[in-house]
Amino acid sequence: MNRFDRITALLIQLQTRRVVKAQDIAERFDISLRTVYRDIRTLEEAGVPLYGEAGVGYSLVEGYRLPPVMFTREEAIAFLTAEKLMEKFTDNVLQKNYTSAMYKIKAVLRGTEKDLVENLERNIVVKEQKRDKKPPENVLDILLKSIADKKAAQMVYKAFGNDDISERLVEPIGVFHEFEHWYTIAYCHLRETYRQFRLDRILDLKLTAIAQQEHTSLKEYNDYRESSKKLCPVQKAVIRVDKEMVPYLEERRHYMGFVSETIHKDYVDMTFLSPYEDGLARWFIMFCDKAEIIEPQSLKDTVELLIEKMLKRSAGNNALRLI
């Protein structure tokens with residue numbers, strides 16, 4: 001990116017927030033703080049009404065706005081791709097809001113970009129596995145409003161493996177998508193602590209007028225959880241996997257504490273550091289006919305114990321059938 005484009009992008013960034021930190025600008029454009037200060041000075045010399053405070057950041061004078069911006073070809077493609085993802089991975093209300101926003105975006109595209117978007121629309125498809133139970137169509141939208149407005153929400157929830165339905169007053173701090181599901185982290189008044197809820201198990205959700213307490217951000221919450229995990233004693237494990245099996249494990253192995261691998265002719269030695277030996281053992285059983293545990297012995301013992309329990313249960317079920 002040349003300097004002119006960077007300064008233009010910087011001016012747009014300054015309009016997105018009340019205060020923008022110099023460090024955030026430096027990280028976005030991969031430039032030094034010294035370069036940031038020089039770019040800010042260039043904007044000031046061009047007559048842009050800016051004010052800054054040491055240790056806080058930079059702000060535009062209230063009321064100053066750039067004229068409508070023209071989107072590039074690459075940005076138009078990014079918007080279209082995002083629209084396709086929104087159709088499959090968000091609720092109906094957010095999808096409708098994004099579609100409405102896309103009409104406004106398409107309205108300011110140049111003619112060539114409009115043709116590009118129209119031609120590409122039929123060639124981008126996002127597939128998602130259909131599920132029998134879906135959350136209320138506006139649950140994600142309500143959660144985001146609860147977080148933005150700092151208001152509590154009244155939730156009717158059915159936990160996994162539990163037939164009981166509970167009503168809870170919750171204060172959401174964030175949402176995230178993982179393992180093909182949406183989740184929220186919220187302070188639960190029923191349990192008096194932070195809990196994780198899966199959105200497709202929420203039967204009903206209503207925004208209340210009750211103000212939220214002061215809470216940490218989702219990022220700070222996750223950072224704390226990660227640091228807590230590091231304090232737990234971890235154990236090294238090495239699993240030897242047939243090379244033909246490796247491609248099927250690459251996505252999930254990181255959730256098991258994968259840290260490195262050594263590639264050989266016919267197999268790959270994978271090294272893990274995990275405090276959850278039982279979880280690693282259960283994951284290993286999924287492909288144990290194509291792998292072996294090199295170390296530790298305790299992991300081998302855990303796998304053998306789980307398999308013994310499975311065989312006993314299977315033998316018991318077969319005996320019942322004979323009776």
Side-chain angles (χ1 to χ4, degrees), residues 1-86 89-90 94 97-98 101-102 104-117 120 124 144 147-148 150 173-178 185 214-230 254 259-260:
M1 180 183 291
N2 61 45
R3 187 161 186 260
F4 177 80
D5 290 340
R6 186 178 71 239
I7 291 175
T8 302
L10 170 56
L11 183 52
I12 294 171
Q13 183 178 359
L14 287 167
Q15 291 184 97
T16 64
R17 302 179 66 177
R18 290 183 182 273
V19 179
V20 179
K21 296 179 181 178
Q23 186 61 45
D24 292 342
I25 298 170
E27 290 175 0
R28 179 191 175 191
F29 298 108
D30 195 20
I31 56 178
S32 67
L33 286 174
R34 186 175 179 180
T35 302
V36 172
Y37 303 145
R38 189 168 63 244
D39 288 351
I40 291 291
R41 197 176 307 117
T42 299
L43 287 173
E44 290 174 330
E45 291 172 353
V48 176
L50 273 166
Y51 64 91
E53 184 177 340
V56 179
Y58 297 98
S59 299
L60 287 170
V61 171
E62 186 66 32
Y64 180 84
R65 289 290 181 271
L66 271 180
V69 202
M70 299 305 292
F71 296 104
T72 66
R73 174 189 179 93
E74 291 74 18
E75 288 168 340
I77 293 174
F79 280 126
L80 177 61
T81 306
E83 183 180 27
K84 296 295 182 179
L85 291 170
M86 290 288 287
F89 292 100
T90 61
L94 275 182
N97 290 338
Y98 192 86
M102 276 297 295
K104 296 175 183 178
I105 291 170
K106 292 174 182 176
V108 298
L109 293 177
R110 289 186 290 263
T112 53
E113 275 67 44
K114 288 180 181 177
D115 293 339
L116 172 71
V117 167
L120 271 179
I124 300 176
L144 293 175
I147 296 165
K150 296 190 181 302
I173 65 169
V175 297
F176 64 96
H177 190 274
E178 186 178 54
I185 300 294
E214 281 296 322
H215 293 293
T216 183
S217 68
L218 181 61
K219 181 181 184 305
E220 290 167 340
Y221 176 85
N222 286 334
D223 289 345
Y224 173 77
R225 290 286 299 273
E226 289 301 318
S227 63
S228 298
K229 287 180 183 178
K230 290 177 182 177
H254 296 281
V259 291
S260 65

* Asked: side-chain contact (heavy atoms from CB on, under 4.5 Å) with Glu214: which residues, sequence neighbours excluded?
  -> none
* Asked: How would you list, by chain and number, every residue that makes a side-chain contact (heavy atoms from CB on, under 4.5 Å) with Ala101, sequence neighbours excluded?
  -> none
Would you give the length of the straight line joining atom [atom1] of [X] to atom [atom2] of [Y], rounded to the nearest 0.5 angstrom?
X: Thr35; Y: Ile40; atom1: OG1; atom2: CD1; answer: 12.0 Å
X: Glu113; Y: Glu74; atom1: CD; atom2: CD; answer: 8.5 Å
X: Asp5; Y: Phe29; atom1: CG; atom2: CZ; answer: 10.0 Å
X: His215; Y: Ile147; atom1: NE2; atom2: CD1; answer: 11.0 Å
X: Leu11; Y: Leu50; atom1: CG; atom2: CG; answer: 7.5 Å
X: Arg38; Y: Ile7; atom1: CZ; atom2: CD1; answer: 9.0 Å

Heavy-atom closest contact ([X] atom, [Y] atom, distance):
X: Tyr58; Y: Gly52; value: CD2-CA, 3.9 Å
X: Gln13; Y: Arg28; value: OE1-NH1, 3.1 Å
X: Glu83; Y: Tyr98; value: CA-CE2, 3.4 Å
X: Ala26; Y: Leu33; value: CB-CD2, 4.1 Å
X: Leu109; Y: Ala76; value: CD2-CB, 4.1 Å
X: Glu75; Y: Thr72; value: OE1-N, 2.9 Å

* To do: Would you check if Leu144 and Leu94 make a side-chain contact, meaning some heavy-atom pair closer than 4.5 Å?
  => yes
* Asked: Hey, is Lys219 close enough to Asp223 for a salt bridge, meaning N to O under 4.0 Å?
  -> yes
* side chain to side chain contact (heavy atoms under 4.5 Å, CB included) between Tyr221 and Ile173, worked out -> CA-CA 9 Å; Tyr221 176 85; Ile173 65 169; 4.0 Å; yes
* To do: Could you note down all residue pairs passing side chain to side chain donor-acceptor pair (under 3.5 Å) where residues 40-54 supplies at least one of them, sequence neighbours left out?
  => Arg3-Thr42
Would you say [atom1] of [X] has more than 12 non-hydrogen atoms from neighbouring residues, nucleotides or ligands within 6.0 angstrom?
X: Lys150; atom1: NZ; answer: no
X: Asn2; atom1: CG; answer: yes
X: Glu62; atom1: CD; answer: no
X: Lys114; atom1: NZ; answer: yes

* Check the pair Phe176, Ile185 against side chain to side chain contact (heavy atoms under 4.5 Å, CB included), reporting the backbone distance first and the verdict last. => CA-CA 8 Å; Phe176 64 96; Ile185 300 294; 3.8 Å; yes
* Asked: Can you check side chain to side chain contact (heavy atoms under 4.5 Å, CB included) on Asp39 and Ile25, steps first, answer last?
  -> CA-CA 10 Å; Asp39 288 351; Ile25 298 170; over 6 Å; no
